[in-house]
Amino acid sequence: MPLHRGAHPEQDEPSDERRRLALNPFYGEADPTAAMHTAPPRHRLPDGPLPPLTAYRLVHDELMLDGNSRLNLATFVTTWMEPQADVLMSECRDKNMIDKDEYPRTAELERRCVAMLADLWNAPDPRTAVGCSTTGSSEACMLAGMALKRRWTRRNADRYPAKAKPNLVMGVNVQVCWEKFCDFWEVEARQVPMEGDRFHLDPQAAVELCDENTIGVIGILGSTFDGSYEPIAELCAALDALQERTGLDVPVHVDGASGAMVAPFLDPDLEWDFRLPRVASINTSGHKYGLVYPGVGWVLWRAAEALPEELVFRVNYLGGEMPTFALNFSRPGAQVVAQYYTFLRLGHEGYRAVQQASRDVACGLACAVEELGDFRLLTRGDQLPVFAFTTKDDVHAYDVFDVSRRLRERGWLVPAYTFPADRQDLSVLRVVCRNGFSSNLAELLIEDLKLLLPELRSQRHPLSQDRPAPTAFHH
């Protein structure tokens with residue numbers, strides 16, 4: 001999450017007169033003028049309490065300036081759930097799900113979700129696979145990385161930490177949480193650069209970066225840059241060949257933040273999961289294509305021996321002994337309950353229908369964008385329901401940043417960003433199609449693009465001034 005600073009010195013508190021006028025007089029519950037004297041300061045605690053309705057309306061009014069989440073085509077995060085899920089989440093938001101002794105049924109629902117995912121991802125024996133919920137896929141990645149490092153440390157106890165520094169191999173397109181992991185846990189990040197029209201990890205290039213200090217290789221099932229799957233099976237085959245040649249046994253972790261909840265339903269024959277013996281662990285975001293509101297992720301290991309026992313804490317706390325591996329020790333049960341509700345509500349066929357609809361919308365929208373004539377597609381939405389596109393070489397009047405800015409004026413949040421090292425010359429727009437983004441909304445987006453294109457084409461040159469500033473979205 002972003003690091004927020006406190007009040008800036010140059011930002012003075014509003015004057016008493018401005019604060020007097022900050023609230024509608026009718027917000028005063030008994031006296032219509034009362035609220036005009038109680039608007040609180042912005043950067044320090046108020047001297048006293050406000051009526052609850054006044055406080056609500058003050059916060060509510062300011063939040064109206066946020067974007068419309070349903071029109072946010074930058075984020076992978078779920079922006080719509082059924083009213084019944086809302087009710088369940090409201091009923092469970094006060095439960096600290098880590099307290100498994102006090103809330104045993106919530107703990108049981110978490111256990112069932114892990115078992116369902118183990119079965120979905122073809123664990124050799126779903127009964128022996130282990131896993132847990134997290135606050136999101138970023139925490140799940142941290143836990144998976146910790147397990148990889150601890151397993152490597154065990155094998156190299158005679159060399160670490162005195163002589164050996166662990167490294168982790170990944171594509172330069174990984175989500176930023178992997179860079180954080182390497183920084184926080186003192187692991188060298190070895191990144192495979194992009195090259196030409198290859199925008200993710202190349203298996204052979206990854207193998208060439210591996211050595212005796214490699215704790216694992218990260219494969220991404222659904223790159224945030226363009227929505228494409230990395231070739232996990234080819235990566236595992238290349239690492240199998242490396243082991244035959246050198247004896248190095250390097251495990252693979254699959255970051256399936258989005259794709260692990262899409263591929264099992266739409267691409268059942270694609271081998272990327274625990275069917276591949278070299279895949280030691282998998283993570284996903286329940287709050288992305290798992291179809292749950294923000295706040296839940298999952299990480300699973302193919303068998304108990306893949307998760308070092310010493311990383312699992314058994315704490316006698318809050319009424320009983322509880323095994324825990326997650327980084328957080330206080331977390332509401334609402335999102336886990338909502339995940340189980342969604343699994344129960346949709347089943348395999350329901351998930352297939354929802355994800356297929358999102359893919360169909362993405363593919364149709366990508367074709368419509370291509371037919372406009374000004375844009376070149378990098379991907380078409382036929383893996384993740386996500387596609388990226390850029391302006392054609394003969395378009396000089398505007399660039400992708402102009403398109404993003406003009407669409408924002410009409411309420412659409414479509415990110416524009418540059419690619420990382422070795423392809424920083426490439427700037428793209430990316431569209432994420434989620435459940436709730438219908439073909440009707442896609443048609444409205446195309447209509448707005450058509451309305452904007454004549455104005456964009458009439459520009460003398462792109463209006464973007466600060467080219468180094470745009471960076472990739474990692475939602």
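Put simply, the residue from E230, Q191, H200 that forms a side chain to side chain donor-acceptor pair (under 3.5 Å) with N173 is E230.
L429 CG to F401 CZ: the interatomic distance, rounded to the nearest 0.5 Å, is 8.5 Å. Atom CG in N435 sits 6.5 Å away from atom CH2 in W80 (nearest 0.5 Å). Residue Q175 holds its CD atom at 6.5 Å from OG1 of T224, rounded to the nearest 0.5 Å. Here M81 contributes atom CE and L291 contributes atom CG; the two are 7.5 Å apart, rounded to the nearest 0.5 Å. Annotation: the span from I232 atom CD1 to L270 atom CG amounts to 8.5 Å, rounded to 0.5 Å. For the atom pair CZ (F76) and SG (C433), the distance works out to 10.5 Å, reported to the nearest 0.5 Å.
Within the 4.5 Å cutoff, the side chain of L453 has heavy atoms near those of the L372 side chain. Under the 4.5 Å side-chain criterion, counting only non-hydrogen atoms from C-beta, L445 is in contact with L365. Between Q383 and L266 the shortest side-chain heavy-atom distance does not fall below 4.5 Å. Here the side chains of Y289 and V354 are not in contact, with every heavy-atom distance at 4.5 Å or above. The shortest distance between side-chain heavy atoms of L201 and I220 does not fall below 4.5 Å. Side-chain contact between M261 and L117 is present, with at least one heavy-atom pair separated by less than 4.5 Å. Contact of the V395 side chain with the F375 side chain is not registered, since no non-hydrogen atoms from C-beta on lie closer than 4.5 Å.
Side-chain contact of R331 with S133: a donor-acceptor pair under 3.5 Å is present, judged by distance alone. In the model, D226 has a side-chain atom that pairs as donor or acceptor with a side-chain atom of S228 under 3.5 Å. No side-chain N or O of R376 forms a donor-acceptor pair with one of T391 less than 3.5 Å apart. In the model, H253 has a side-chain atom that pairs as donor or acceptor with a side-chain atom of S281 under 3.5 Å. A side-chain N or O of E82 and one of Y341 form a donor-acceptor pair less than 3.5 Å apart. Side-chain contact check for D374 and Y398: at least one donor-acceptor pair (N or O, by modelled atom type) lies under 3.5 Å.
Not one N or O on the side chain of T54 forms a donor-acceptor pair closer than 3.5 Å with the backbone of L50. Side chain of R302 to backbone of L276: a donor-acceptor contact under 3.5 angstrom is found. Proximity of a side-chain donor or acceptor of T75 to a complementary backbone N or O of V77 within less than 3.5 Å is detected. A donor-acceptor pair is defined here as one N or O able to donate and one able to accept, closer than 3.5 Å; such a pair exists between the side chain of W121 and the backbone of A260. Not a single donor-acceptor pair under 3.5 Å links the side chain of H287 to the backbone N or O of T78. Without hydrogens or angle criteria, S404 side chain to V414 main chain gives a donor-acceptor distance under 3.5 Å. Between the side chain of Y340 and the main chain of T106, no donor-acceptor pair closer than 3.5 Å is present. Of the possible donor and acceptor atoms, one in the side chain of R430 sits under 3.5 Å from a partner among the backbone N and O of A74. Under the 3.5 Å distance criterion, the side-chain polar atoms of K149 are left unmatched by any main-chain donor or acceptor of V187. Panel note: side chain R70, backbone G436; a donor-acceptor pair is recorded below 3.5 Å.
Applying the side-chain hydrogen bond (donor to acceptor under 3.5 Å, both in side chains) test to W298 and every residue at least two apart in sequence or in another chain returns Q339. With sequence neighbours excluded, no residue forms a salt bridge (charged side-chain N to carboxylate O under 4.0 Å, His left out) with E305. With sequence neighbours excluded, the residues that form a side-chain contact (heavy atoms from CB on, under 4.5 Å) with C92 are K95, A334, V337. Not counting sequence neighbours, the partners of A257 by the side-chain contact (heavy atoms from CB on, under 4.5 Å) test are S137, D255, N283, S285, K288. For R423, the side-chain hydrogen bond (donor to acceptor under 3.5 Å, both in side chains) test picks out D425, with sequence neighbours left out. Contacts of R93 classified as side-chain hydrogen bond (donor to acceptor under 3.5 Å, both in side chains), with partners at least two apart in sequence or in another chain: none. Under the side-chain hydrogen bond (donor to acceptor under 3.5 Å, both in side chains) criterion, Y229 pairs with D267, sequence neighbours left out. Taking the side-chain contact (heavy atoms from CB on, under 4.5 Å) definition, one finds that N122 meets it with D273, R275, sequence neighbours left out. Scored by the ring pair (Phe, Tyr, Trp, His ring centres under 6.0 Å) test, F274 finds no partners at all (sequence neighbours excluded). With sequence neighbours excluded, the residues that form a salt bridge (charged side-chain N to carboxylate O under 4.0 Å, His left out) with E349 are R352. Residues meeting the ring pair (Phe, Tyr, Trp, His ring centres under 6.0 Å) test with F437, sequence neighbours left out: none.
The existence of a salt bridge linking R405 and D402 is confirmed by a sub-4.0 Å separation between a basic side-chain nitrogen and an acidic carboxylate oxygen. Note on D382 versus R380: no salt bridge recorded, every NZ/NE/NH1/NH2 to OD/OE distance being 4.0 Å or above. Classification of E108 and R111 as a salt-bridged pair holds, one side-chain N sitting under 4.0 Å from a carboxylate O.
Atom CD of E62 sits in a sparse spot, with 12 or fewer heavy atoms from other residues, nucleotides or ligands closer than 6.0 Å. Around atom CZ of R112, more than 12 heavy atoms belonging to other residues, nucleotides or ligands sit under 6.0 Å away. Remark: L63 CG is packed, more than 12 non-hydrogen atoms of other residues, nucleotides or ligands lying under 6.0 Å away. Within 6.0 Å of the CD atom in E188, the count of heavy atoms belonging to other residues, nucleotides or ligands exceeds 12.
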**Q.** Stepwise side-chain hydrogen bond (donor to acceptor under 3.5 Å, both in side chains) check, R434 with S358
**A.** CA-CA 6 Å; R434 306 178 307 279; S358 294; over 6 Å; no

Q.
I'd like to know whether R198 forms a salt bridge (Lys or Arg N to Asp or Glu O under 4.0 Å) with E195, so could you lay out the CA-CA distance, the side-chain angles of the two residues, the decisive distance to 0.1 Å, and finally the verdict.
A. CA-CA 5 Å; R198 176 180 57 76; E195 182 178 356; 3.6 Å; yes

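Of all the heavy atoms in A362 and V386, the pair that sits closest is CB-N, 4.2 Å.
Listed by first then second residue, pairs satisfying salt bridge (Lys or Arg N to Asp or Glu O under 4.0 Å) with a partner in residues 131-143 number zero, not counting sequence neighbours.
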